[in-house]
There are 2 protein chains.
Amino acid sequence: MNIGDVADRTGLPAKTIRYYEDINLIKPLRDSNGYRRFREQDIHKLSFLGRARALGFTIEDCRTLLALYEDETRASSDVKRVAQDHLAQIDAKIADLRAMRDTLSHLVKACAGDDRPDCPILKDLGGNS
Amino acid sequence: MNIGDVADRTGLPAKTIRYYEDINLIKPLRDSNGYRRFREQDIHKLSFLGRARALGFTIEDCRTLLALYEDETRASSDVKRVAQDHLAQIDAKIADLRAMRDTLSHLVKACAGDDRPDCPILKDLGGNS
DNA sequence: TTTAGGGGTTCCAGCCACGGGAAGGTCAAG
DNA sequence: CTTGACCTTCCCGTGGCTGGAACCCCTAAA
């Protein structure tokens, strides 16, 4: 299967697939004309990567997870640790964003949003609390 | 005031301050020895930028906000629009992260985390739902 | 047979908002 | 006079791609 079909099947852009080969996440074969030839296992790995990325795992996490996936003798605790660490990072990000949103939504509510120059948002940013 | 003192006063790294000059957000003066000389207005702008960045505004948003801040004849609606757009982006990000977290926390809970290889996290990533 | 088109390939640059580090100039204290 | 803490510019790297140029390959139609 060529890269375009793989892109269609996995939902990943061809550019991304080439990038994943570049950084050694997948190793498709090559036809005599230089085209990449993808086996089912390559496509399966790419789908795995697509789902892992959709859950927000970094590429390096994906590399680790893929290695664990391929290792029949892994311990599930190793997988769980990676997932838990990532979960903690997500929670931290959510907390950061919520703090921003809270501050920001207060300011937005306090702003008249008319044609007058007076604006509590700018006042706050300017240090006038 | 030199860049180190400004960094101390604003909490921004010197590197960041130089970068902000590079992209024309601030225009400090120069001493005869080539050192940047910061006036109170520069420091004030930098504090403004620090607060805006802390609220997650992009640099381009900051540029816009700073221009509005300096323009006495602005309409508060212009400021509010920028803030509201940003708020919407934050909400979208939070929603994305929450979806990830929900999926991920289910998987983490379902994973035994012991020394056996069986793992629902990998099963899910592998497409076995 | 040529031509058009839709694949594929490589490589290089750019995104965002800086951070690290090299190589060198400047200044105040001891 | 030396030391060490500043300051300067410059260039590279980050993550995870994306866009585009310049080129090759393959098939079908005129």
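It should be emphasised that the depicted structure is a prediction, and the values quoted were computed from it without experimental measurement. Within every chain, numbering begins at 1; the chains are lettered A, B, ... in the order of the sequence lines, protein sequences first and strands thereafter.
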| Which whole-number value in Å describes the distance from D31(A) CG to dT9(C) C1'? | 13 Å
| task | Compare side-chain N and O positions of R30(A) against OP1 and OP2 of dT10(C) and report whether any pair is under 4.0 Å apart. | result | yes
| request: In whole angstrom, give the distance that lies between atom CD1 of I59(B) and atom C1' of dC18(C). | output: 9 Å
| Members of residues 16-26 of chain A that approach DNA chain D, where some heavy atom sits under 4.0 Å away | T16(A), Y19(A), Y20(A)
| Would E21(A) and R30(A) pass as an ion pair if we require N to O under 4.0 Å? | yes
| Any ion pair linking D42(A) and R36(A) (charged N to carboxylate O, less than 4.0 Å)? | no
| field | Distance-minimising heavy-atom pair for M1(B) and V6(B) | value | CG-CG2, 3.8 Å
| query | Taking NZ, NE, NH1 and NH2 as the nitrogens, is one of them in K45(B) or E40(B) under 4.0 Å from a carboxylate oxygen of the other? | reply | no
| query | What closest approach, in Å, do A110(B) and P120(B) show between heavy atoms, and which atom pair accounts for it? | reply | O-CG, 3.2 Å
| query | H86(A) and F57(A): which non-hydrogen atoms are nearest, and at how many Å? | reply | NE2-N, 3.4 Å
| Once you round it to whole Å, what is the distance between C1' of dC16(C) and NZ of K93(B)? | 11 Å
| said: For S47(A) versus T10(A), what's the shortest heavy-atom pair and its separation? | reply: OG-CG2, 4.0 Å
| Distance-only side-chain donor-acceptor flag, D114(B) / S76(A), under 3.5 Å | yes
| Which residues satisfy the salt bridge (Lys or Arg N to Asp or Glu O under 4.0 Å) test with R101(A), sequence neighbours excluded? | D91(B)
| field | Axis-to-axis angle between the two ends of the helix from dT1(C)-dA30(D) to dG30(C)-dC1(D) (five base pairs per end, rounded to 10 degrees) | value | 30°
| note | Numerically ordered, the residues 2-14 of chain A set in heavy-atom contact under 4.0 Å with DNA chain C is N2(A), I3(A), G4(A)
| request: Would you mind reading off the distance between L29(B) atom CG and dC7(D) atom C1', rounded to a whole angstrom? | output: 16 Å
Restricting to nitrogen or oxygen on both sides, can you table the protein-nucleotides 28-30 of chain C pairs closer than 3.5 Å?
none

| request: Round to a whole Å and report the spacing from CD of E60(B) to P of dA17(C). | output: 8 Å
| message | Regarding D71(B) and R74(B), does a basic nitrogen lie under 4.0 Å from an acidic carboxylate oxygen? | response | no
| field | L25(B) reachable from L55(B) in the ILVMFWY side-chain graph, under 4.5 Å edges | value | yes
| said: Restricting to non-hydrogen atoms, name the atom on R18(A) and the atom on I3(A) that form the minimum distance, rounded to 0.1 Å. | reply: CG-CD1, 3.5 Å
| task | Mind checking R37(A) for me? I need base, sugar-phosphate or nothing, with any heavy atom below 4.0 Å counting as a touch. | result | nothing
| Reckon R36(B) has a side-chain N or O less than 4.0 Å from the OP1 or OP2 of dC7(D)? | no
| task | For side-chain contact (heavy atoms from CB on, under 4.5 Å), just list the numbers for R53(B) and F48(B), CA-CA rounded to whole Å, side-chain angles, deciding distance to a tenth of an Å, and then say yes or no. | result | CA-CA 9 Å; R53(B) 292 287 299 131; F48(B) 182 102; over 6 Å; no
| In the single-linkage hydrophobic clustering (I, L, V, M, F, W, Y; side-chain heavy atoms under 4.5 Å), do V108(A) and I94(B) co-cluster? | yes
Identify all pairs in which a protein N or O lies below 3.5 Å from an N or O of nucleotides 21-25 of chain C, and state each distance.
{"residue": "dG21(C)", "atom": "O6", "partner": "K15(B)", "partner atom": "NZ", "Å": "2.3"}
{"residue": "dG25(C)", "atom": "N2", "partner": "Y35(B)", "partner atom": "OH", "Å": "2.9"}

| task | Start with the C-alpha gap between D78(A) and R81(A), add the side-chain angles, then the distance that decides, and say whether salt bridge (Lys or Arg N to Asp or Glu O under 4.0 Å) holds. | result | CA-CA 5 Å; D78(A) 290 340; R81(A) 187 171 26 252; 2.7 Å; yes
| task | Please assess F38(B) against I17(B) for the test side-chain contact (heavy atoms from CB on, under 4.5 Å), listing each intermediate value before the final yes or no. | result | CA-CA 11 Å; F38(B) 294 84; I17(B) 297 171; 3.6 Å; yes
